Amino acid sequence: MNLDFSEDQKQLKDQARRFFADKSPPAAVRVVLEGQARFDQAVWRGMAELGWLGTAIPEEYGGLGIGHLEQCVIAEELGRSLAAVPVSSSIYLAAELLMAAGSEAQKRRYLPKLASGEKIGTFAYAERAGAVTPRSIETQVTGGVLTGTKTPVPDGGIADFAIVAARAGDGLSLHVVDLAGPGVTRETVTTIDPTRDHATIRFESAPAEPLGAAREGDGIIGEVLNRAAVLTAFEQLGGADRALEMARDYALERFAFGRQIGSFQAIKHMLADMYVAGALARSNAYWAAWALSTNDAELAEAAATARVSATQAFQLCAKNNIQVHGGMGFTWQFDCHLYYRRSNLLALSLGSLSNWEDRLVDSLLNKNAA
Amino acid sequence: MNFDDSAEEATFRQTARGWLEANAPKHLRQELEEAPFGRLQLKSVDATQASRAWQMQKYESKWACLHWPVEYGGRGATPIERVIWQQEEGVYGKLSALFGIGHGMCGPTVMAWASEEQKRRLLPKLAAGEENWCQLFSEPSGGSDVAGLRTRAERDGDDWIVNGQKIWTSVAHLADWGLLILRTDPNVPKHAGLTMFFLDMKSPGVEIRPIKQANGQSDFNEVFFTDVRIPDSQRLGAVGQGWKVSLTTLMNERASIGARAVTGFPEMLDFCARIEIDDRPAVQDRAVRSKLATWAARASGLKYTSYRAISALSKGELPGPENSIGKLVSGSMLQEIAMAALDLQGEAGILADPALAEAAGRFQAVLLRSPAVRIEGGTDEILRNIIAERVLGLPADIRADKGMAFNQIPTKAG
Ligand SMILES: Cc1cc2nc3c(=O)[nH]c(=O)nc-3n(C[C@H](O)[C@H](O)[C@H](O)COP(=O)(O)OP(=O)(O)OC[C@H]3O[C@@H](n4cnc5c(N)ncnc54)[C@H](O)[C@@H]3O)c2cc1C
């Protein structure tokens, strides 16, 4: 048994940690937070040059084709640094949707540009509050053109194309839409985490190219969300780890009542609980990484487990990190709020926690029934 | 990453499986699976006898305490072989719970600190279950603060004379030997005045009184010592070194991985699929699903945390500190699950008679036993302190008794 990354993968992780520490320190993330840029182009280009956008994209489509485990270790380091780049939209979602459902021609056309970072893709799914189900989607495609409104679309303001979910009978169909093309207007929206771009996109008879078989979109989306959930869980792990470290360091440094605040049990036990949540989430994420990389039948269960666990861990660590910092934790100047914002953004970005709890219970029941 | 055995591991697993196939008490399998939480109770046979018989059978084929050296009753198995054995032995492992403290804590302490002759005399009999051991650490004055213990030993020629009282001693009534930590010098700070011994539980002056537990059973005891003589040859480690010796015992508790923490989750999932709320199975209910998902993620997190530890062992490395979270997570989870399972049963949730209660009273038994899991072997609070201090590097608690001679330490308010 070996539920651990290989030496090579660990080296890649170290390299990624150095890369993000160097290229994406908090000051760089704050450039996007303050609205001076919509994403961090230098980090994006740097990742592309290292081949890190195409780690899981096959070589024939311009990627490195090494695999998803490598993508997981990079995701963890990205999450730790909060890098302001559209990796999740373009790679975990758009590239995965194309790999899952694209025709040969579509893969050849889009994947190399996603791998090289030349183009940014995204997935336009939600339309209104509440869990996304086929019934909650009103976007329609008739005669090759798509009409509807999607919000919030992650990286919607910076993406070049979107894969859009549209209603088709009882089910959903997927379409690729050029966001610079006719019939598309987009408007940036304010979110709880301005370090990642989000937009409302209106489509009015926008030309749309079908992706995958008509009405089979729902199943494809379900599978790709599982894959994206695993990668996102690694981002959450990285963020949780960093938030715990920040809290620990501050608890050692700050004095109150003549002693380190880290010597108060209320603080010690809070930090211990953060550690426990992180350790459980890490173990679940490793299992899910294995299932993702081998395409195992356990993927649905493992992904939902990793997602629930990592969401809970990151939210706990990020909110307690502010608590440990006291008043300082509530300043714009300290980085605690960056982690708090990101933890809550990631908790919702592929569907909410309760949604994933549902998916987890369903997969457990399916397994028991089998 | 993979979940496969190496070639040697696979061969070992085959050997273990083959032996179990031919020798395990299969007639007890179902009963063991259904046995309620807490002390092992079986309907068809006497549980203590069945435990002893299985232990002896394993011992004779070198499957008992297999990670111990051959000369002390084991087979010199590697840590990973031990884990494989535990996986294969599965539910039959419940039969060895009776010897858990002896095998898991007392044995390793004897192995590290006793003379060669003593080890050859004591350990094989412990492995075989022919003799059982108990751990006499906690006292009325303190379990968390065990170094504040008061039972004293005074030197008398080649012997020590012991007076005082231990409490919460599991299986003392079934034990032949006890691992005993005593105060040999009250004039120095508390950790410095302790010495470790082992003693024959049949020694004159030892009196064992069962304590009735909150769940109605009696698995632990008070043990009184009145002028009990222990030969100095039964001292483990130097005089005044008892605290250091006790850390061997306590560390071994943590290192005994592989034995998966019981969380109650699989039983709860089955139960929620069966019991109905508003004419549909409870698993369809939103609130129930949310709780199930959180428990599932925690149970799975513990499972894969132990797999990560096994991976480290299999590479010949030591498991990381995350391995210490098992009891902390599973203890409160068991209790939460029990309460939630009773809640689903409505007023009938109060029924504890296995013949009448849902799931044969399993969750009622868990409800009543689970508080102990959060106390025994280190309370939740002590475990959080250990994680905070040893894993995260936070400062130790400020101690009011630091540097003070033991006999100067305050013991009550006012
Ligand atoms: C079922 C069972 C079996 C047991 N078997 C054995 C056995 O075989 N051998 C043996 O030696 N002992 C045994 N014990 C005893 C067990 O180890 C102690 O009960 C335990 O260590 C707690 O000690 P205490 O009972 O004195 O409680 P205390 O130490 O008095 O604790 C009371 C409360 O204070 C809290 N507390 C204490 N110190 C601190 C601190 N520093 N910081 C924060 N909170 C603190 C505790 O967490 C707890 O909530 C057993 C206990 C149980 C329940």
Side-chain angles (χ1 to χ4, degrees), chain A residues 1-6 9 69 244-245 247-248 251-252 259-260 262-265 267-290 293-294 301-302 304-310 312-313 353-354 356-362 364-365 368-369, chain B residues 1-6 9 80 83 266 269-270 272-273 281 283-284 286 288-294 296-315 320-325 328-329 380-381 383-389 391-398:
Chain A
M1 168 171 327
N2 184 15
L3 186 58
D4 196 3
F5 290 99
S6 69
Q9 286 154 353
L69 292 177
L244 171 57
E245 264 174 36
R248 195 257 330 259
L252 290 172
R259 50 198 268 206
Q260 287 164 294
S263 68
F264 294 114
Q265 274 197 353
I267 300 282
K268 286 168 78 169
H269 290 191
M270 199 193 292
L271 290 169
D273 287 340
M274 290 156 72
Y275 173 82
V276 169
L280 294 174
R282 180 170 297 279
S283 300
N284 283 323
Y286 282 24
W287 169 42
W290 166 81
S293 68
T294 55
E301 184 194 340
T305 306
R307 168 77 180 170
V308 168
S309 206
Q312 291 175 339
L353 181 60
S354 47
W356 283 95
E357 287 174 345
D358 263 347
R359 293 172 75 115
L360 173 50
V361 174
D362 281 337
L364 290 170
L365 295 174
N368 276 9
Chain B
M1 283 188 186
N2 67 73
F3 292 99
D4 310 330
D5 287 336
S6 70
E9 288 164 8
I80 190 74
V83 170
L269 181 65
D270 285 348
C272 291
V283 282
Q284 309 290 344
R286 266 217 95 80
V288 171
R289 290 169 76 86
S290 173
K291 285 187 194 160
L292 283 173
T294 291
R298 278 197 243 159
S300 151
L302 287 182
K303 171 177 168 190
Y304 291 103
T305 297
S306 83
Y307 280 19
R308 281 168 61 211
I310 295 169
S311 306
L313 287 176
S314 151
K315 283 187 258 180
E322 57 281 349
N323 215 32
S324 58
I325 67 178
L328 180 58
V329 175
D380 282 4
E381 291 70 34
L383 295 179
R384 287 196 175 91
N385 258 10
I386 291 176
I387 292 172
E389 293 171 20
V391 182
L392 299 175
L394 291 160
D397 287 355
I398 291 177

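Chain naming here is simple, since letters A, B, ... match the order of the sequence lines and numbering starts at 1 in each. What you are looking at is a predicted structure, and each value in this text was computed from that prediction instead of being measured.
- For the pair A:His269/B:Glu381, a side-chain contact is recorded, criterion being any heavy-atom separation below 4.5 Å from C-beta on.
- Contact annotation for A:Ser354: both backbone and side-chain heavy atoms come within less than 4.5 Å of a heavy atom of chain B.
- When the candidates A:Leu353, A:Leu252, A:Val308 are compared by the number of heavy-atom contacts under 4.5 Å with chain B, A:Leu252 comes out ahead.
- Counting all heavy atoms, side chain and backbone alike, A:Ser283 lies closest to B:Gly301 at CB-O, 3.5 Å.
- Residues A:Lys268 and B:Leu392 have side chains not in contact (no heavy-atom distance under 4.5 Å, counting atoms from C-beta outward).
- Contacts between B:Ala396 and chain A at a heavy-atom distance below 4.5 Å involve the backbone alone (N, CA, C, O).
- The candidate with the highest count of non-hydrogen atom pairs below 4.5 Å against chain A, out of B:Asn385, B:Ile398, B:Ile80, is B:Asn385.
- Comment: A:Glu357 does not engage B:Arg289 in a salt bridge, judged by the lack of any side-chain N to carboxylate O separation of less than 4.0 angstrom.
- Contact annotation for A:Tyr286: both backbone and side-chain heavy atoms come within less than 4.5 Å of a heavy atom of chain B.
- One distance of note links CG of B:Asp397 with OG of A:Ser263; it measures 8.0 Å at 0.5 Å rounding.
- The candidate from A:Arg282, A:Met270, A:Gln260, A:Gln265 with the greatest count of non-hydrogen atom pairs under 4.5 Å with chain B is A:Gln265.
- Using a 4.5 Å cut-off between heavy atoms, A:Leu360 contacts chain B through its side chain alone, with no backbone atom that close.
- For a residue to count as touching a neighbouring chain, one of its non-hydrogen atoms must lie under 4.5 Å from one of that chain's; by this rule B:Lys291 does not touch chain A.
- With chain A as the partner, the residue from B:Leu292, B:Asp270, B:Thr294, B:Asp5 showing the most heavy-atom pairs under 4.5 Å is B:Thr294.
- Options B:Ile387, B:Ile325, B:Asn2, B:Thr305 differ in how many heavy-atom pairs under 4.5 Å they form with chain A, and the most are formed by B:Asn2.
- Looking at A:Leu280 and B:Ser300, their side chains never come closer than 4.5 Å, going by heavy atoms from C-beta outward.
- For A:Asn368, the part lying near chain B is the side chain, with the backbone staying farther off; criterion is any non-hydrogen pair under 4.5 Å.
- Ring geometry for B:Tyr304 against A:Trp287 counts as parallel: the plane angle stays under 30°, on a 0 to 90° scale with 60° as the upper cut.
- Contacts of A:Phe264 with chain B are absent, with no heavy-atom separation under 4.5 Å from either backbone or side chain.
- Put simply, of B:Pro395, B:Ala388, B:Ser6, the one with the most heavy-atom pairs under 4.5 Å next to chain A is B:Pro395.
- Put simply, CG on A:Asn2 and CG on B:Asp4 are 10.0 Å apart, with the number rounded to the nearest 0.5 Å.
- Between the CG atom of A:Asp4 and the CD1 atom of B:Ile310 there is a distance of 13.0 Å, given to the nearest 0.5 Å.
- Within the 4.5 angstrom heavy-atom criterion, only side-chain atoms of B:Leu328, from C-beta onward, approach chain A.
- Both the backbone and the side chain of A:Leu271 come within less than 4.5 Å of a heavy atom of chain B.
- Taking CZ from B:Arg298 and CG from A:Asn284, the interatomic distance works out to 12.0 Å, rounded to the nearest 0.5 Å.
- Within the 4.5 angstrom heavy-atom criterion, no atom of A:Glu301 approaches chain B.
- Smallest separation of non-hydrogen atoms from A:Ala279 and B:Arg308: O-NH1, 3.8 Å.
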